[in-house]
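Below you'll find the structure, written out as structure tokens, and then a few comments.
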There are 2 protein chains.
Amino acid sequence: MPLDPLSATFAALADPTRRAILARLARGETSVTELAEPFTMSLPAISKHLKVLEHANLISRGREAQWRPCRIAPSALKDVDGWLERYRKFWDENFDRLDDYLQELKAQEHEGNAPDKAKPKPKTEKKRGRKK
Amino acid sequence: MPLDPLSATFAALADPTRRAILARLARGETSVTELAEPFTMSLPAISKHLKVLEHANLISRGREAQWRPCRIAPSALKDVDGWLERYRKFWDENFDRLDDYLQELKAQEHEGNAPDKAKPKPKTEKKRGRKK
DNA sequence: CCTATATTTAACCTATAGGTTATTTAACCG
DNA sequence: CGGTTAAATAACCTATAGGTTAAATATAGG
């Protein structure tokens, strides 16, 4: 019944309201009331969403007088990225090429004499920084 | 009621059984019965999970006589990766440094004369390929 | 202490997620 | 055709997700 951490994280991210809250928090720490402001739903609803995010380790909360400022916690998102890693080859062409290159390196290593097919000219750079 | 695509994807990934199915499919296309084999639950249950994965665009299914082979579909995972992109800076130090560097470049551009603080020595390489 | 503000908790409702067993559908095979 | 194998569908059950309103809790400030 206590969902495993990764499941909890994905479940938390499966709600547009919660993703919107994260998007807001990406711009900086803020209070519950301010987080609730853009939404039409009640404050207790937001409070519940925040609890879900917190249990999923997607946010952490401080305390400052009567406010409970929320901020993004990196660990869970990092775990999602880690989980994605092994599927990257299914869509990332660049990843594919790197993979091929590594395979080939290993092959050369073992044979001493390279098969010399196509000689792909490595280009180690991954080009996976940011879109822009 | 028709969940937006990203929510559907995250919801689909929030179940360990479904993630296990994806992990199996990452090793290659296979049939429903073979997919069900490692699990204790009934075949209709697996069938439902597959439907969820399919609606989330995480898998696609072929037809071969009485078998419906399943394979991974890249688009949804790619979308998750895209969504993650803007949060990467929260945990990826390398990303951070690149970001700083770009900021600085822009600053120089506008001022003509660089502030010359610390002079971080770019190091453009992202080093974000694969773990090992 | 009293009151205003910020947030959580409680009690409740409804829809749906995830499972079950029993029944159908579809395609192959002798 | 009749049997067998592969998979989906139907009908059902139970727990829980996501919302509501009303009440409780915590803190600052006159």
Side-chain angles (χ1 to χ4, degrees), chain A residues 1-22 24-25 28-71 76, chain B residues 1-25 28-71 73 76:
Chain A
M1 201 223 78
L3 232 36
D4 67 289
L6 196 52
S7 297
T9 301
F10 279 128
L13 294 176
D15 185 290
T17 302
R18 288 192 290 258
R19 290 199 307 280
I21 289 175
L22 282 182
R24 168 60 191 83
L25 290 179
E29 177 169 325
T30 191
S31 75
V32 175
T33 326
E34 194 183 324
L35 278 176
E37 212 260 305
F39 302 100
T40 66
M41 74 187 75
S42 70
L43 225 108
I46 298 292
S47 197
K48 281 192 187 182
H49 282 306
L50 292 176
K51 186 173 290 184
V52 173
L53 288 168
E54 190 179 18
H55 280 122
N57 276 307
L58 282 160
I59 66 171
S60 70
R61 327 173 76 165
R63 173 161 285 208
E64 201 169 327
Q66 66 251 232
W67 293 273
R68 270 77 160 184
C70 304
R71 48 190 153 299
Chain B
M1 199 223 82
L3 231 37
D4 67 289
L6 196 52
S7 296
T9 301
F10 279 128
L13 294 177
D15 184 290
T17 302
R18 289 193 289 258
R19 289 200 306 279
I21 290 176
L22 282 183
R24 168 62 190 81
L25 290 179
E29 178 169 323
T30 191
S31 74
V32 175
T33 326
E34 195 184 324
L35 278 176
E37 212 259 303
F39 302 100
T40 66
M41 75 186 74
S42 71
L43 225 111
I46 298 292
S47 198
K48 281 192 185 180
H49 281 306
L50 291 176
K51 185 172 291 183
V52 172
L53 287 168
E54 190 178 19
H55 280 121
N57 276 308
L58 282 160
I59 66 172
S60 71
R61 326 171 77 165
R63 172 162 285 208
E64 201 170 327
Q66 66 253 232
W67 294 272
R68 270 79 159 184
C70 304
R71 48 189 154 300

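Source: prediction; values computed, not measured.
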Let me know the distance between [atom1] of [X] and [atom2] of [N], rounded to the nearest Å.
X        : N       : atom1 : atom2 : value
Phe39(A) : dG18(D) : CZ    : C1'   : 14 Å
Met41(B) : dT21(C) : CE    : P     : 13 Å
Glu54(A) : dT8(C)  : CD    : P     : 9 Å

Going by the rule side-chain contact (heavy atoms from CB on, under 4.5 Å), which residues pair with [X] if we only count those two or more places apart in sequence or in a different chain?
X        : answer
Glu29(B) : Pro69(B), Arg71(B)
Glu34(A) : Arg24(A), Thr30(A), Ser31(A)
Glu54(B) : Ile59(B), Arg61(B)

(request) Give me the residues of residues 14-23 of chain B where at least one heavy atom lies under 4.0 Å from an atom of DNA chain D, by number, or none. (result) none
(message) Counting only heavy atoms and a strict 4.0 angstrom limit, can you tell me which residues of residues 42-52 of chain B come near DNA chain C?
(response)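 Ser42(B), Pro44(B), Ala45(B), Lys48(B), His49(B) - these, ordered by number, are the residues of the stretch whose heavy atoms sit under 4.0 Å from the strand.
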Just distance, no hydrogens or angles: give the donor-acceptor pairs under 3.5 Å from side chains in residues 9-21 of chain A, sequence neighbours left out.
unit_1   : atom_1 : unit_2   : atom_2 : d
Thr9(A)  : OG1    : Pro5(A)  : O      : 3.0
Thr9(A)  : OG1    : Ala56(A) : O      : 3.4
Asp15(A) : OD1    : Thr17(A) : N      : 2.8
Asp15(A) : OD1    : Thr17(A) : OG1    : 3.4
Asp15(A) : OD1    : Arg18(A) : N      : 3.3
Arg18(A) : NE     : Ala12(A) : O      : 2.7
Arg18(A) : NH1    : His49(A) : ND1    : 3.1
Arg18(A) : NH2    : Ala11(A) : O      : 3.2
Arg19(A) : NH1    : Leu13(A) : O      : 2.8
Arg19(A) : NH1    : Ser7(B)  : OG     : 3.0
Arg19(A) : NH2    : Asp4(B)  : OD2    : 3.0
Arg19(A) : NH2    : Ser7(B)  : OG     : 3.1

How close do [X] and [Y] get, heavy atom to heavy atom, and via which atoms?
X        : Y        : answer
Ile46(A) : Met41(A) : CD1-CG, 4.0 Å
Cys70(A) : Leu25(A) : O-CD2, 3.4 Å
Arg68(B) : Gln66(B) : NH1-O, 3.3 Å

(request) Only pairs at least two apart or in different chains count here, so list each salt bridge (charged side-chain N to carboxylate O under 4.0 Å, His left out) that has a residue in residues 42-53 of chain B. (result) none
(request) Provide the full list of side chain to side chain donor-acceptor pair (under 3.5 Å) pairs with a residue in residues 37-47 of chain A, sequence neighbours left out, each pair given once. (result)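 Residue pairs with at least one partner in residues 37-47 of chain A: there are none.
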(request) Could you say whether Ala11(A) or Ser31(B) is positioned toward the 5' end of DNA chain D, judged by the nucleotide with the nearest heavy atom to each? (result)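 Nearest nucleotide further toward 5': that of Ser31(B).
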(message) Return the CG to CG distance between Leu58(A) and Leu50(A), rounded to the nearest 0.5 Å.
(response)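 Taking CG in Leu58(A) and CG in Leu50(A), the distance rounds to 11.5 Å.
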With the criterion being N/O to N/O and under 3.5 Å, what pairs connect the protein with nucleotides 27-30 of chain D, and how long is each?
unit_1  : atom_1 : unit_2   : atom_2 : d
dT27(D) : OP1    : Arg63(A) : NH1    : 2.9

